[in-house]
Amino acid sequence: MSGLILPYRGRLPTIVPGAWVAPTATVIGDVTVGEGSSLWFGVIVRGDLCGIRIGARTNLQDGTVVHVSSRGLGAEIGDDVTVGHMAMIHACRLEDGSFVGMKACVLDGAVVETGAMVAAGAVVSPGKRVRTGELWAGVPARPMRTLTENERRNLIETARHYVDLAADYAAEER
């Protein structure tokens, strides 16, 4: 593990040994990162006002920012989640096996359910719920269609791909 790992108000992030943090990622404060997860280049995870929980086998791709709300809402990201490059995850919940596309933004109190997808560039407004099997897109995001079975399978396959890719990067560091 590398990256910039910083305490805030006495809380040091908990990153399990099997997770991979890129050298230019920053993790601050009350943050937990699970087994097999990866935080890629330029990622910032800032758990300063309350906690951020990242499950197992989840990948936060390059440039993603995860933060919490000053109103006490943390961020919860489940297992096998893929978050695309430069996404903004703010005080919301991404359930197991969900997918957030590149440059998408998921805001305070929103929930992306298991097996749901937020399209690239979409903005999920505060408090909205992206239901299982739905694709949401647009600004503001709204339901566009139901995911195909192939797309739903790809959600988990993409997460697994990043577990393998992170393991390759970790092996290079040894």
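Just so you know, these numbers use all the heavy atoms, side chains as well, and skip hydrogens, waters and symmetry mates.
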Is there any ring pair (Phe, Tyr, Trp, His ring centres under 6.0 Å) pair reaching into [range], and which pairs are they, with sequence neighbours excluded?
{"range": "residues 96-126", "result": "none"}
{"range": "residues 54-78", "result": "H67-H90"}
{"range": "residues 120-158", "result": "none"}

Evaluate the criterion side-chain contact (heavy atoms from CB on, under 4.5 Å) for residue pair I89 and L94; output intermediate values, then yes/no. CA-CA 9 Å; I89 307 302; L94 309 179; 3.9 Å; yes
Measure across [X] and [Y] and return the closest heavy-atom pair with its distance rounded to 0.1 Å.
{"X": "V124", "Y": "A110", "result": "CG1-CB, 3.8 Å"}
{"X": "G51", "Y": "V68", "result": "O-CG1, 3.6 Å"}
{"X": "V130", "Y": "M117", "result": "CG1-O, 4.2 Å"}
{"X": "A104", "Y": "A119", "result": "CB-O, 3.6 Å"}
{"X": "P140", "Y": "S125", "result": "CB-OG, 3.5 Å"}
{"X": "V66", "Y": "A75", "result": "CG1-CB, 3.9 Å"}

Under the side chain to side chain contact (heavy atoms under 4.5 Å, CB included) test, which residues partner P7, sequence neighbours left out? L12
Taking [X] for the side chain and [Y] for the main chain, is one N or O donor matched with an acceptor at less than 3.5 Å?
{"X": "T26", "Y": "G42", "answer": "no"}
{"X": "S2", "Y": "V21", "answer": "yes"}
{"X": "T58", "Y": "V81", "answer": "yes"}
{"X": "T64", "Y": "G84", "answer": "yes"}
{"X": "S38", "Y": "W40", "answer": "no"}

Can you tell me how far apart [atom1] ([X]) and [atom2] ([Y]) are? Round to the nearest 0.5 Å.
{"X": "S37", "Y": "N59", "atom1": "OG", "atom2": "CG", "result": "8.0 Å"}
{"X": "L6", "Y": "D48", "atom1": "CG", "atom2": "CG", "result": "11.0 Å"}
{"X": "S98", "Y": "R93", "atom1": "OG", "atom2": "CZ", "result": "10.0 Å"}

Quick one: do [X] and [Y] end up in the same hydrophobic cluster if we chain Ile, Leu, Val, Met, Phe, Trp and Tyr together by side-chain heavy atoms under 4.5 Å apart?
{"X": "V106", "Y": "M86", "result": "no"}
{"X": "V100", "Y": "L107", "result": "no"}
{"X": "V31", "Y": "I5", "result": "yes"}

Could you go through residues 158-165 and list every donor-acceptor pair under 3.5 Å that involves a side-chain atom there, pairing it with any protein atom two or more places apart or in another chain?
residue	atom	partner	partner atom	Å
T158	OG1	N154	O	2.8
Y162	OH	Q61	NE2	3.4

Applying salt bridge (charged side-chain N to carboxylate O under 4.0 Å, His left out), which residue pairs with at least one partner in residues 123-150 are found, sequence neighbours left out? E113-R129, E113-R131, R145-E151
Within residues 77-89 or reaching into it, pairs that qualify as salt bridge (charged side-chain N to carboxylate O under 4.0 Å, His left out) - sequence neighbours excluded: R57-D80
I'd like to know whether L60 forms a side-chain contact (heavy atoms from CB on, under 4.5 Å) with I77, so could you lay out the CA-CA distance, the side-chain angles of the two residues, the decisive distance to 0.1 Å, and finally the verdict. CA-CA 10 Å; L60 306 181; I77 303 173; 4.1 Å; yes
Applying side-chain hydrogen bond (donor to acceptor under 3.5 Å, both in side chains) to R53 and not counting sequence neighbours gives D30
Between I54 and L39, does a side-chain contact (heavy atoms from CB on, under 4.5 Å) hold up when you go through it step by step? CA-CA 10 Å; I54 300 168; L39 309 182; 4.2 Å; yes
Test ring pair (Phe, Tyr, Trp, His ring centres under 6.0 Å) applied to H85 - qualifying residues, sequence neighbours left out: none
According to ring pair (Phe, Tyr, Trp, His ring centres under 6.0 Å), who are the partners of Y8, at least two apart in sequence or on a separate chain? none
Do T132 and R152 have side chains that get closer than 4.5 Å, going by heavy atoms? yes
What class does the angle between the rings of W20 and F41 fall in, given that below 30° is parallel, 30 to 60° is tilted and above 60° is perpendicular? perpendicular
Among all residues two or more places apart in sequence or in another chain, which pass the salt bridge (charged side-chain N to carboxylate O under 4.0 Å, His left out) test with R9? none
Sequence neighbours left out, what passes salt bridge (charged side-chain N to carboxylate O under 4.0 Å, His left out) with D96? Give chain and number order. none
Would you sort out whether L155 and L147 count as a side-chain contact (heavy atoms from CB on, under 4.5 Å), showing the intermediate values? CA-CA 10 Å; L155 298 180; L147 295 172; 4.3 Å; yes
